[in-house]
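No hydrogens, no waters, no symmetry mates; every other heavy atom, side chains included, goes into these values. Just so we're on the same page: letters track the sequence lines, and every chain starts at 1.
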There are 2 protein chains.
Amino acid sequence: MHAYEKIRAEMLRRIASQDWPAGLTLPHEEQLAEEFGVARGTVRRAMADLVEQGLIERKRRAGTKVASRSAHSSTLTIPIVRKEITASGAQYGYKLLTSEIGGAELDPTGHFARAQLLKIASLHLADGQPYQLEERLISLEAVPHAADHDFSAISPNEWLIEQVPYSAVRTVLRAEAADEVQALHLKIARHSPVFVIDRQTRLDTMPVTLVKMSHRAASFSITTTTNSAG
Amino acid sequence: MHAYEKIRAEMLRRIASQDWPAGLTLPHEEQLAEEFGVARGTVRRAMADLVEQGLIERKRRAGTKVASRSAHSSTLTIPIVRKEITASGAQYGYKLLTSEIGGAELDPTGHFARAQLLKIASLHLADGQPYQLEERLISLEAVPHAADHDFSAISPNEWLIEQVPYSAVRTVLRAEAADEVQALHLKIARHSPVFVIDRQTRLDTMPVTLVKMSHRAASFSITTTTNSAG
DNA sequence: AAGTGGTCTAGACCACCGC
DNA sequence: CGGTGGTCTAGACCACTTG
């Protein structure tokens with residue numbers, strides 16, 4: 001175990017035991033470095049992890065304070081749908097539903113500013129059963145060669161993730177009552193619960209793609225785990 | 001803009017432009033340090049961010065490779081429900097529904113091993129309207145003084161988060177059709193979609209609490225953002 | 001204005017692991 | 001075994017921000 005890990009563990013212990021209660025201002029880096037018998041950089045390395053976990057807050061001049069916990073923060077990982085399905089042991093299937101090219105009228109959200117758009121609907125299947133309905137808009141400004149690509153064999157999900165780097169993603173999760181399109185393709189009754197992931201991807205300031213992924217409710221869950229520092 | 005930020009941006013550019021395609025082994029730290037005219041530590045600082053974003057993968061002896069992107073990874077933050085409501089400008093309200101003490105029979109999941117349990121149901125309101133139904137089990141082994149606490153004024157959500165440090169959290173998100181309890185308290189029709197967050201919290205290996213938070217579908221969303229390096 | 005955290009350096013040594 | 005990334009040091013200087 002490295003020095004910074006020991007220091008991090010000890011600081012974690014003090015916070016957990018309320019030895020360092022929420023709101024307390026900690027000793028300076030130099031004081032802690034002296035206490036633990038290490039260089040200042042090693043203390044900084046330990047504290048960096050605690051900052052990332054949201055356990056402490058640091059500000060120049062004001063010092064380092066134990067954060068009052070006001071939220072759980074976790075890492076949420078959404079894998080490529082094909083890998084998600086095969087990882088569960090099921091057979092992966094894919095079907096292109098519709099594909100059309102048009103202008104801003106395809107984009108009800110106004111996320112894209114008057115760009116040429118490619119609109120694709122497709123279905124991902126697990127063991128032949130509908131698993132995820134993918135409704136996607138792709139900016140042909142950001143990804144010009146998408147117009148020439150044949151999405152009947154490879155899903156846009158997979159193709160885009162390999163082709164286009166993104167710099168910022170906005171993800172919204174919600175529960176919805178199935179509309180007609182969702183009910184039809186997911187083979188569920190109208191108004192059944194569906195789990196929806198909306199994602200907007202940008203490259204710098206340019207919108208790249210906007211996707212709505214609908215899952216049959218019972219079949220979908222996301223698991224997150226905080227990275228424990230202990 | 002600091003040196004490490006410039007370097008990170010330049011490396012990001014090379015990856016984005018496929019100048020450094022996925023799978024490529026990058027030059028060593030020392031070579032990059034020389035190229036950019038900085039110390040090795042500064043290059044490391046830049047690369048740390050890229051590792052965290054999942055854009056590169058590093059292994060001793062094997063070197064640094066551009067990662068082939070296979071998943072989106074985001075930070076998911078679930079705030080205290082009261083803060084979530086007041087942040088939206090609505091008036092926060094809270095109501096204790098039921099509270100009882102019992103044994104393992106209260107725990108259908110088997111998460112708690114034969115501990116004394118406190119079972120609490122409560123409701124969080126936004127502008128007087130039901131917002132979240134909170135159904136919670138608390139281990140009295142982990143939090144003995146919870147039995148003596150009056151939860152009619154302060155929600156267990158808020159009280160626990162201040163009282164008990166946790167070390168690991170498991171979160172599952174899903175869409176459900178409302179059952180009778182959910183329909184009654186959230187004032188929605190049975191089988192309407194509800195957005196459910198299940199959370200299990202442990203302190204080291206000891207289970208602390210298990211909570212099911214149900215939201216009216218239309219009213220709930222979680223937003224995640226990747227920390228952009230650009 | 002001063003004290004805090006943040007960046008950066010130049011160097012040493014360590015530890016993992018693929019060749 | 002050797003080369004890579006990982007840790008650590010002792011120091012300098014910078015920049016933010018609050019008292």
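- Look at NZ on B:K65: it is 11 Å from C1' on D:dT4, rounded to the nearest Å.
- Here C:dT4 presents its P atom at 12 Å from CE of A:M47, a figure rounded to the nearest Å.
- Each of D:dT7, C:dG18, C:dT4 was ranked by its minimum atom distance to the side chain of B:R40; first place goes to D:dT7.
- Here the two rings, on B:Y94 and B:H124, have centers that are under 6.0 Å apart.
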*Starting from the C-alpha separation in whole Å, work towards a yes-or-no answer on salt bridge (Lys or Arg N to Asp or Glu O under 4.0 Å) for A:E176 and A:K212.*
CA-CA 12 Å; A:E176 259 185 18; A:K212 175 176 177 177; 3.5 Å; yes
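- Note: CD (A:E52) to P (C:dG6) measures 14 Å, nearest angstrom.
- Taking only side-chain nitrogens and oxygens, B:T42 comes nearer than 4.0 Å to OP1 or OP2 of C:dT9.
- For D:dA15, its base never sits under 3.5 Å from the side chain of A:R61 at any donor and acceptor pair.
- Put simply, B:T64 has a side-chain N or O that comes within less than 4.0 Å of OP1 or OP2 on D:dG5.
- Inter-residue side-chain proximity for A:L118 and A:F151 is flagged as met; some heavy-atom pair is nearer than 4.5 Å.
- Ranked by how close their nearest DNA chain D nucleotide is to the 5' end, A:A62 and A:V43 are led by A:V43.
- Nearer the 5' end of DNA chain C, as judged by each residue's closest nucleotide, is the contact made by A:G63, out of B:Y4 and A:G63.
- The side chain of B:H2 approaches C:dT7 more closely than any other nucleotide in the set D:dG2, C:dG5, C:dT7.
- For B:R44 and D:dG5, the shortest distance from a side-chain N or O to OP1 or OP2 is not below 4.0 Å.
- When the side-chain nitrogen and oxygen atoms of B:R58 are compared with OP1 and OP2 of D:dG6, one or more of them lie within a distance under 4.0 Å.
- Distances from the side chain of A:R45 to the nucleotides D:dT7, D:dT4, C:dG5 place D:dT7 closest.
- Taking atom CD of B:E30 as the reference point, atom P of C:dG11 lies 11 Å away to the nearest angstrom.
- In this structure, B:Q31 places its CD atom 13 Å from P of D:dG3, rounding to the nearest Å.
- With a 6.0 Å cutoff to the six-membered ring centre and a 45° limit on the axis angle, A:R45 counts as a cation-pi contact of A:Y4.
- With respect to B:R58 and B:E29, a salt bridge is recorded, a charged nitrogen being found less than 4.0 Å from a carboxylate O.
- The residue among A:K59 and B:P27 whose nearest nucleotide of DNA chain D is located toward the 5' end is B:P27.
- Look at CD on A:E29: it is 11 Å from P on C:dT7, rounded to the nearest Å.
- Listed nucleotides C:dT4, D:dT4, C:dC8 differ in distance to B:H28; the shortest reach to its side chain belongs to D:dT4.
- Between A:E5 atom CD and D:dG6 atom P there is a gap of 13 Å when expressed in whole angstrom units.
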